[in-house]
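Side chains included, hydrogens not; waters and symmetry mates left out as well; all remaining heavy atoms used.
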2 protein chains.
Amino acid sequence: MSKETKAKYSYDFPRASVTVDCVLFGLSEDKLKVLLIQRAHDPFAGKWALPGGFIEMEESLEASALRELEEETGLSKIYLEQLYTFGDCGRDPRGRTISVAYFALVQAAEHHAKGADDASAAEWFPVDKLPKLAFDHAKILDCALTRLRAKVRYQPIGFELLPRKFTLSQLQRLYELILGRELDKRNFRKKILGMSVLEELDEVEAGGARRPAKLYRFHRKQYDALVKQGFHFEI
Amino acid sequence: MSKETKAKYSYDFPRASVTVDCVLFGLSEDKLKVLLIQRAHDPFAGKWALPGGFIEMEESLEASALRELEEETGLSKIYLEQLYTFGDCGRDPRGRTISVAYFALVQAAEHHAKGADDASAAEWFPVDKLPKLAFDHAKILDCALTRLRAKVRYQPIGFELLPRKFTLSQLQRLYELILGRELDKRNFRKKILGMSVLEELDEVEAGGARRPAKLYRFHRKQYDALVKQGFHFEI
DNA sequence: CCAAAAGTGTTCACGGTACACCCATGC
DNA sequence: GCATGGGTGTACCGTGAACACTTTTGG
């Protein structure tokens, strides 16, 4: 492409570029949201896209994803998982690009992610009200949503979207949002408490013109111990 | 891109190589087996490894995997799925290499895969009697086995390892091999037949000094129809 | 007639689901 | 005192698990 510059890196065979893209899920205003950035440069200048970028040669794929997340948001990423690798030929007009996609869950999507680098803006979008996306990012996001919906049912990752202390109603609402259907309150409580992976705290929720709700915390140690004994989380 | 200098392909930034590796599972002699090739050249000359190689610029990742499979075996691959992408820095002594791993299930692992290209041999190994593997291929294989064990329980992919017509005992044995535990014959039959995704044929198994078993076939159309109605396969 | 695998039902325990009312608090 | 969400128990049904004997064939 840029034949003017010196050929700094030369190979006997052509090589594809490798990028990472991150699908970052968060929860706010009673909606499941995704973080998107607005591209400052071509291709797709002005379009919304998933945060991501080229890997560096001396960092692992996961480290690349973590770095990108750090750059785009200041947030404590809680859960990061490789999603899928997208490598179709036409997906990047600049040339063959392989993208390793990750998905991540963060607490509190309220924080304002300001656009930086080659992003002129960064914003949280509800997953059901997305703008048109650059590249094949709609496909990646779709893949991430499918994975999230499947995974949340049999792995305790939903907690990663909530604050450390939460009420059972918040937790139930989260599952309802992700799974897209209502759950019975009594059955939900019975089930989740029956697993004994929640630690009941001596605190209650503040504010609100109603009876204060007990706060709970996910008890990871307990969960890990149970898993070792063959326990299987499932909602 | 094609500059006619010594270095045929030059870029402004360093690029990693991208490869695909395939974990090919088969069934023979009452064992779950994996196809390995013996490397003809360095690095790891003489070592056993997963079949795989560099992607080409004008083929998709899946097409690369299919091509590699075709080159290594003549078999009709039946089920191919992306597994995971391995990209740690030290995994290939030749330099940074990102490997997109696929796993595939084939019928009848008896076919003789002869070594070709940079493989001096190709052989099926029982998954519980593996030689030491090159690169991080032991990790890849481990990942594939875990995925296979998980997936076989809630997706009807086990059939891909059997001939088109099979007996219920064969099917049960397959699940016992993959899951690593015995299943109750009556419960297994009740369950699998109750799903009505098997088509009972008017044929019986030939040979053998015993009562001949009925042959069945996986009824994919029926399965697809059921799935549309919300049906969920599970063993 | 013997060996070897095919084929077949019932019982029980547990977990999922459906369902409605009182409670504690802030205003 | 009223509006708002918090919190609680029971009955039914369907599914998973345990379990043993008869049938059919080839040799």
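In terms of modelled atom types and a separation under 3.5 Å, the side chain of His137(B) and the main chain of Leu50(B) share a donor-acceptor contact.
Under a cut-off of 6.0 angstrom, the local environment of CZ in Arg153(A) is sparse, with at most 12 non-hydrogen atoms contributed by other residues, nucleotides or ligands. Applying the 6.0 Å contact sphere to NZ of Lys47(B) captures no more than 12 heavy atoms from other residues, nucleotides or ligands.
Computed from coordinates, the Arg173(A) CZ to dG5(D) P distance equals 12 Å when rounded to whole Å. Spacing between atom CG of Asp30(B) and atom C1' of dA5(C) amounts to 14 Å, rounded to whole angstrom units. Between Leu183(A) atom CG and dG16(C) atom C1' there is a gap of 13 Å when expressed in whole angstrom units.
Comment: Glu176(B) engages Arg173(B) in a salt bridge, judged by a side-chain N to carboxylate O separation of less than 4.0 angstrom. Note on Glu199(A) versus Lys221(A): no salt bridge recorded, every NZ/NE/NH1/NH2 to OD/OE distance being 4.0 Å or above.
Tyr223(B) and Phe233(B) have perpendicular rings, their planes meeting at more than 60° on a 0 to 90° scale where under 30° would count as parallel.
Annotation: salt bridge (charged side-chain N to carboxylate O under 4.0 Å, His left out) contacts involving residues 154-172 of chain A, sequence neighbours excluded, comprise Glu160(A)-Arg220(A), Lys165(A)-Glu203(A).
Rounded to the nearest 0.5 Å, atoms CG (Asn187(A)) and CD1 (Ile235(A)) are 11.5 Å apart.
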Which atom pairs link the protein and nucleotides 6-8 of chain D when you take only N or O atoms and keep those under 3.5 Å?
residue	atom	partner	partner atom	Å
dG6(D)	OP1	Ser169(A)	OG	2.8
dG6(D)	OP2	Ser169(A)	OG	3.0
dG6(D)	N7	Lys185(A)	NZ	3.4
dG7(D)	OP1	Lys214(A)	N	2.8
dG7(D)	OP2	Arg189(A)	NH1	3.3
dG7(D)	OP2	Arg189(A)	NH2	3.4
dG7(D)	N7	Lys185(A)	NZ	2.7
dG7(D)	O6	Lys185(A)	NZ	3.1

Using atom names, set out every protein N or O paired with an N or O of nucleotides 10-15 of chain D below 3.5 Å, distance rounded to 0.1 Å.
residue	atom	partner	partner atom	Å
dT10(D)	O4	Lys190(A)	NZ	3.0

